[in-house]
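Scroll down for the structure; my scribbles are underneath it.
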2 protein chains.
Amino acid sequence: MDKELKKVNQNELNPHVSVDCVIFGFDMEKLTVLLIDRGRNKSDKGIKLALPGNLIYNNENLDQAANRVLDELTGLKDIYLEQVAAFGNPDRISKDSDREWLKSIRAEPEARVITVAYFSLVKMPDYLPQASSFAKRAGWTSVTEINELAFDHYEILQAAKEKLKQKIKIQPIGFNLLPEKFTLSQLHRLYESILEKPLDKRNFRRKIQNLEIVTSLKEKQRGVPHKPSQLFVFNEERYRELTENGFDNFDF
Amino acid sequence: MDKELKKVNQNELNPHVSVDCVIFGFDMEKLTVLLIDRGRNKSDKGIKLALPGNLIYNNENLDQAANRVLDELTGLKDIYLEQVAAFGNPDRISKDSDREWLKSIRAEPEARVITVAYFSLVKMPDYLPQASSFAKRAGWTSVTEINELAFDHYEILQAAKEKLKQKIKIQPIGFNLLPEKFTLSQLHRLYESILEKPLDKRNFRRKIQNLEIVTSLKEKQRGVPHKPSQLFVFNEERYRELTENGFDNFDF
DNA sequence: TTTGAAAGTGTTAAATTGACACGATGTAAA
DNA sequence: TTTACATCGTGTCAATTTAACACTTTCAAA
């Protein structure tokens with residue numbers, strides 16, 4: 001291959017590899033995920049919701065690509081993304097509606113594409129999704145309400161959920177989903193949403209407090225029509241301490 | 001793209017995506033990994049050892065590709081492979097010796113390649129590696145002796161080791177590395193090799209036996225110059241029972 | 001003032017963990 | 001045949017962790 005040609009290629013889209021992002025949020029009730037709406041086609045059929053994702057460039061690595069694509073499609077910048085897995089069934093673009101849609105946005109719509117999935121956790125209220133590029137809309141959907149998605153995105157979402165379940169047992173990453181100040185009930189509900197099983201309230205609170213990973217404020221919840229709860233902040237220092245000494249046991 | 005052309009492409013190598021396999025073994029002393037030797041180039045320089053891996057075909061999925069490539073390069077057939085992660089730094093083929101080598105075996109040696117890594121565990125003595133294709137030799141190397149490998153394979157190996165560490169705490173997959181009949185000391189050494197830390201002998205044995213995941217035979221070790229130890233077999237039924245009821249706690 | 005709704009709190013029995021040392025049993029060498 | 005060597009196999013106890021379980025408190029709104 002010619003060297004000049006090669007240099008040009010470096011800044012070109014790679015039509016064979018894409019990244020998809022599973023961005024989780026928490027609305028204080030349940031786990032949500034950020035989806036884009038591809039809008040209506042002529043046909044007005046097929047699934048319209050998809051994970052934000054797109055092809056990579058030849059001169060960026062996978063992590064960079066995931067961040068760029070997420071920014072381009074939703075406006076989310078510089079968030080921590082962790083890889084879930086690669087997906088590459090030859091028939092992952094087999095649905096008619098998906099092929100139609102690809103024709104409208106890709107130079108090589110029939111190419112076989114491998115996609116690398118990423119996941120992340122963000123504070124929902126910090127961020128109101130801004131659709132752009134081919135995303136007609138971008139918004140949060142409750143994870144439990146999702147039955148199908150474009151391409152193999154439903155499968156990817158399930159894999160990301162599993163990864164999150166595992167990860168939250170090892171590291172207290174859940175705090176990324178909550179506001180600065182939060183209550184232990186909110187944290188409790190968050191863990192139940194992620195693990196998809198009930199956790200005993202008293203045992204949960206005891207465990208969290210023994211870990212000393214939260215610091216209680218003098219402040220209380222206001223304006224709630226019931227006993228207001230204590231507010232807490234996440235203790236980052238303690239978190240570093242725990243992770244450096246290798247802690248295996250944030251298990252519920 | 002023309003439909004005829006497309007069908008032809010389906011059976012062609014995809015020059016942009018490869019798979020690499022990290023196959024672990026255990027020689028009763030330490031953890032080993034299966035590497036291929038690329039043999040000597042004209043230059044006779046550079047690193048010669050690499051993980052078995054190669055490009056995928058357009059009509060196979062990633063898991064199939066990993067199995068095929070492993071078979072082609074080493075003769076290992078139909079073993080369970082689990083994905084580790086995708087690796088795709090644009091400069092992962094930056095070493096001169098690697099580029100030279102690729103020129104000799106690939107149609108598009110300068111193409112940017114994303115690789116998907118897999119890992120597996122096999123019983124070493126069941127299998128004497130058979131080199132073939134571009135692998136001049138294939139053989140087992142002790143994991144601790146490896147300092148560098150071709151491409152980004154050293155990084156991939158580290159990631160696979162981490163995955164194995166995590167996984168063995170959740171599932172008793174270690175049994176795949178041992179012969180049918182084994183001693184608790186061997187199992188003990190295996191766990192220490194994988195976790196890279198000493199485990200108290202009595203506590204280890206207690207934990208394993210409480211799980212009832214091994215069944216003791218009437219048989220003993222023979223011909224060893226010391227007290228012969230009891231032989232055990234892995235209890236598959238009990239394993240299924242444990243995994244179905246979801247067990248989180250094979251923790252050491 | 002009453003009502004509704006979620007917050008917050010403690011005990012106990014059972015299971016699990018971690019720390020720790022020595023006698024038993026086989027082979028091989030003297 | 002005795003001895004030396006190497007590894008096997010075993011038990012207890014204190015400390016910690018877990019699971020199960022129900023009632024009172026506090027605020028806002030009616």
Side-chain angles (χ1 to χ4, degrees), chain A residues 26-30 169-170 172 178-179 181-193 195 197-233 242 245-252, chain B residues 27-30 168-170 172 178-179 181-193 195 197-233 242 245-252:
Chain A
F26 182 62
D27 66 4
M28 298 304 162
E29 290 289 335
K30 45 205 167 7
K169 289 187 176 186
I170 298 176
L178 293 172
K181 301 173 184 177
F182 54 86
T183 70
L184 291 187
S185 296
Q186 289 168 344
L187 187 61
H188 182 209
R189 238 170 293 142
L190 172 56
Y191 271 78
E192 290 189 327
S193 302
L195 297 176
K197 69 178 182 192
L199 302 172
D200 180 86
K201 181 164 65 161
R202 280 176 289 191
N203 293 340
F204 177 82
R205 294 167 88 99
R206 173 163 39 110
K207 187 141 192 176
I208 291 291
Q209 304 212 53
N210 284 347
L211 283 169
E212 299 175 74
I213 194 105
V214 295
T215 312
S216 95
L217 300 172
K218 296 259 157 58
E219 216 174 328
K220 294 194 173 190
Q221 249 185 340
R222 304 194 47 142
V224 287
H226 55 261
K227 179 173 178 179
S229 69
Q230 190 67 239
L231 288 171
F232 291 82
V233 292
L242 283 173
N245 302 351
F247 87 154
D248 290 302
N249 224 1
F250 205 71
D251 207 348
F252 289 95
Chain B
D27 66 7
M28 298 302 161
E29 290 289 337
K30 45 207 166 8
I168 204 166
K169 289 185 177 188
I170 297 176
L178 294 172
K181 301 173 183 179
F182 53 87
T183 71
L184 290 187
S185 296
Q186 290 168 343
L187 187 61
H188 183 208
R189 239 171 290 142
L190 172 58
Y191 270 78
E192 290 188 327
S193 302
L195 298 175
K197 70 179 181 191
L199 303 173
D200 180 86
K201 181 164 66 161
R202 280 178 287 192
N203 293 340
F204 177 82
R205 294 167 88 98
R206 181 182 42 187
K207 188 141 191 175
I208 292 291
Q209 304 211 54
N210 283 347
L211 282 171
E212 299 175 76
I213 194 104
V214 294
T215 311
S216 97
L217 301 172
K218 296 257 156 61
E219 214 174 330
K220 293 195 172 192
Q221 247 185 342
R222 302 194 50 142
V224 288
H226 56 261
K227 179 176 178 180
S229 67
Q230 189 67 241
L231 288 171
F232 290 82
V233 292
L242 283 171
N245 301 350
F247 88 154
D248 290 302
N249 225 2
F250 205 72
D251 209 346
F252 289 94

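No experiment lies behind these values; they were computed from the predicted model shown. Residue numbers start from 1 in every chain, and the chains themselves are labelled A, B, ... in the order their sequence lines are given, proteins ahead of strands.
Here CG of B:L178 is found 10.0 Å from CZ of B:R189. Values are rounded to the nearest 0.5 Å. We find the NZ-CG distance between A:K207 and A:D200 to be 12.0 Å, quoted to the nearest 0.5 Å.
Looking at every heavy atom in both residues, B:F232 comes nearest to B:L184 through CE1-CG, 3.5 Å.
As a whole-Å value, the separation of B:F204 CZ from D:dT10 P is 15 Å. Taking atom CZ on A:F182 and atom P on C:dA7, their separation rounds to 14 Å, with Å as the unit. Rounded to whole Å, the distance from CZ on A:R205 to P on D:dA20 is 19 Å. Atom C1' of nucleotide C:dA7 and atom CG of A:L217 are separated by 16 Å, given to the nearest angstrom. Separating the NE2 atom of B:H188 from the P atom of D:dT10 is a distance of 15 Å, rounded to the nearest angstrom. One can place CD1 of B:I208 at 14 Å from P of C:dT16, the figure rounded to the nearest angstrom. For B:L211 and C:dT16, the CG to C1' distance is 12 Å, given to the nearest whole Å. Remark: P of C:dG8 and CD of A:Q209 are 9 Å apart, rounded to the nearest angstrom.
Listed by chain and residue number, nothing satisfies the side chain to side chain donor-acceptor pair (under 3.5 Å) test with B:S185 (two or more places apart in sequence, or in another chain). With sequence neighbours excluded, the residues satisfying side chain to side chain contact (heavy atoms under 4.5 Å, CB included) with A:R206 are A:N203, A:N210. With sequence neighbours left out, B:K227 forms a side chain to side chain contact (heavy atoms under 4.5 Å, CB included) with no residue at all.
Bending across the helix from C:dT1-D:dA30 to C:dA30-D:dT1, expressed as the angle between its end axes from five pairs apiece, amounts to 0° (10° rounding).
Counting only distance, with no hydrogens or angles, the side chain of B:Q186 and the backbone of B:M28 share no donor-acceptor pair below 3.5 Å. With hydrogens and angles ignored, the 3.5 Å screen pairs a side-chain donor or acceptor of A:H188 with a backbone N or O of A:L199.
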In a table with atom names and distances, give each donor-acceptor pair under 3.5 Å that connects a side chain of residues 212-220 of chain A to protein atoms at least two apart or in another chain.
from   : atom 1 : to     : atom 2 : distance (Å)
A:E219 : OE1    : A:K181 : NZ     : 2.9
A:E219 : OE2    : A:K181 : NZ     : 3.4

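Contacts of B:S185 with the nucleic acid, taken as non-hydrogen atoms under 4.0 Å apart, involve only primed sugar atoms and P, OP1 or OP2. Backbone-only contact: A:Q230 has heavy atoms under 4.0 Å from sugar-phosphate atoms and none from a base.
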Determine, for nucleotides 21-28 of chain D in 5'-to-3' order, which nucleotides have protein heavy atoms under 4.0 Å from the base (write B), from only the sugar-phosphate (write S), or from neither (write -).
-> BB--BBBS
